[in-house]
Amino acid sequence: MNSYSLFVSCPRGLETILNQELVKLGCEQIYPRDGGVAVNGDLATVYRINLHSRVASRVLIRLSSGHFRNENDIYLQAKKVNWAKWFDVKKTFKIHIEGKQAQINSLNFAALKVKDALCDVFREQNGSRPSVEKFQPDIRIHVFIEKNELSIYLDTSGEALFKRGYRSDTGEAPLRENLAAGLLLLAGYNGSQPFMDPFCGSGTLAIEAALIASNSAPGLERAFGFEHLLNYDATLWQQLRRNALSAKCQPQAPIFGADIEGKLIVLAQNNARYADVDQYIQWQTADALDTRPNGTNGIMLSNPPYGVRLSEIQLLHALYPQMGSWLKQYFAGWLIGMFSADRDMPKLMRLSPKRKIPLFNGNLDCRLFLLDMVAGSNRNKEHKA
């Protein structure tokens with residue numbers, strides 16, 4: 001079976017977690033990069049990562065890479081790719097381009113050069129060319145330009161991997177599913193500990209916890225870009241899906257989600273049902289401060305609301321000391337994870353985090369604050385945000 005040079009992208013800050021996942025999936029020759037991991041692998045590797053990775057964003061096959069001096073070099077490099085080997089002329093395609101200190105006047109013009117080369121290759125081989133489709137293409141091609149180095153990739157994922165297929169609606173400012181899974185894994189959650197999210201919103205953290213706890217592959221309920229490629233091996237793919245289905249199990253510990261808004265709990269229940277984990281999660285409409293531990297030595301992970309307007313920020317800052325008292329009173333022995341853009345949060349809760357992990361929620365610069373709730377030991381410590 002052919003071996004490919006792959007780039008597996010992920011949210012910035014989750015590269016180490018992705019590396020660990022790829023090792024567990026049997027990948028070798030793994031090279032961490034900014035925003036992802038480079039790895040070599042065959043078709044089964046491509047399928048396994050798409051199916052099983054909880055934190056990956058996309059799995060890309062590198063088709064070409066090289067140095068360029070001008071736009072014509074970009075055209076010539078793209079024309080060397082045997083595009084007709086990868087997909088049929090009847091398939092639609094879209095080119096996505098990104099640049100980092102790109103030594104070129106226009107990224108859009110560079111993307112146009114790749115498109116022209118692709119179409120010319122098809123015309124020469126087939127007498128016709130495939131069509132561009134901006135919104136739901138069969139084939140996605142990713143072009144990266146760093147300074148004067150050009151890399152061209154074929155996307156095997158299709159829709160980004162955080163789109164698990166279970167989210168019916170999100171409510172406000174949702175966490176992407178792969179970021180939620182990354183937060184859980186950074187907190188050390190493996191399904192053996194009781195889990196709580198008392199600010200659950202549309203339920204993403206609790207649902208991702210249930211997928212981890214039940215050993216459910218996150219890609220079981222969705223379609224993938226590789227199904228449109230000429231090298232698609234349906235027999236291999238169905239075997240890997242069957243293996244993943246048979247590996248599902250009953251969670252060992254309780255999972256709980258609460259929110260003060262009843263309509264969000266209804267939304268969370270619907271999302272959990274679509275994810276086929278509703279039977280594993282207990283939901284409650286409640287103020288966070290009224291919730292209590294659902295076991296001992298568990299993990300609480302939350303993405304509490306953070307204000308944008310000054311009035312909202314002032315309200316939240318009044319809430320944080322109450323949250324700190326509530327955690328100290330009821331959650332001794334628990335690991336608490338708070339994911340927030342508010343750097344002052346731990347200080348205002350009068351708690352000192354053992355770790356502060358920088359991550360991005362979209363473009364929002366956030367921190368995952370991890371706090372060990374040891375009875376009486378967190379009071380009145382100095383904290384530097």
Side-chain angles (χ1 to χ4, degrees), residues 1-2 4 6-11 18 21-22 25 36 41-61 63 83 85-96 130-142 153-170 174-181 202-204 207-208 210-212 214-248 270-278:
M1 199 178 272
N2 289 333
Y4 305 110
L6 309 175
F7 183 75
V8 187
S9 62
C10 68
L18 177 59
E21 278 194 324
L22 296 182
L25 289 172
D42 57 13
L43 212 51
T45 305
V46 170
Y47 294 175
R48 272 199 302 271
I49 299 170
N50 275 296
L51 178 60
H52 288 284
S53 176
R54 300 187 188 281
V55 301
S57 299
R58 295 184 180 277
V59 183
L60 308 174
I61 295 176
L63 302 181
W83 296 100
K85 163 190 161 186
W86 291 100
F87 60 95
D88 188 88
V89 71
K90 297 185 182 73
K91 299 293 185 183
T92 59
F93 75 97
K94 177 183 179 180
I95 292 174
H96 176 82
S131 299
V132 172
E133 164 57 53
K134 288 186 177 178
F135 300 107
Q136 288 188 305
D138 300 318
I139 307 294
R140 296 167 194 260
I141 293 144
H142 291 255
Y153 292 88
L154 188 63
D155 185 350
T156 70
S157 301
E159 291 271 29
L161 294 178
F162 73 82
K163 296 182 179 178
R164 315 282 204 225
Y166 66 70
R167 185 177 268 177
S168 58
D169 192 11
T170 57
L175 272 183
R176 285 185 171 179
E177 291 85 334
N178 60 341
L179 176 56
S202 58
T204 307
I207 292 168
E208 291 295 320
L211 290 171
I212 291 170
S214 60
N215 199 34
S216 298
L220 273 172
E221 303 296 325
R222 53 160 285 164
F224 293 94
F226 59 70
E227 295 172 63
H228 292 287
L229 300 178
L230 290 173
N231 67 353
Y232 174 49
D233 187 335
T235 305
L236 172 62
W237 172 236
Q238 291 307 324
Q239 183 59 54
L240 290 169
R241 280 193 89 255
R242 281 195 297 273
N243 293 348
L245 280 166
S246 65
K248 290 174 74 169
N270 288 337
N271 288 339
R273 191 165 63 251
Y274 293 136
D276 196 26
V277 293
D278 54 322

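Results of the side chain to side chain contact (heavy atoms under 4.5 Å, CB included) test with Leu18 over Val55, Ile49, Asn178 single out Val55 as the only residue that passes. Across Leu43, Leu51, Thr45, a single residue satisfies side chain to side chain contact (heavy atoms under 4.5 Å, CB included) together with Tyr47, and that is Leu43.
Under the 3.5 Å distance criterion, the side-chain polar atoms of Arg140 are left unmatched by any main-chain donor or acceptor of Phe93. In this structure, Ser57 contributes its side chain and Ala160 its backbone to no donor-acceptor pair below 3.5 Å. No donor-acceptor pair under 3.5 Å is formed between the side chain of Arg48 and the backbone N or O of Leu22. In this structure, Asp155 contributes its side chain and Ile141 its backbone to no donor-acceptor pair below 3.5 Å. Between the side chain of Ser53 and the backbone N or O of Asn50 there is no donor-acceptor pair closer than 3.5 Å.
Note that Arg164 lies outside the cation-pi zone of Phe162, set by a 6.0 Å cut-off to the ring centre and a 45° limit from the axis.
What you find for Pro218 and Arg54 is that their closest heavy atoms are CD-NH1, 3.7 Å.
Between Glu177 and Thr204, the side chains place no donor N or O within less than 3.5 Å of an acceptor N or O (distance only, hydrogens not considered). No side-chain donor-acceptor contact under 3.5 Å links Ser216 and Asp276.
Separating the CD atom in Glu227 from the OG1 atom in Thr156 is a distance of 10.5 Å, to the nearest 0.5 Å.
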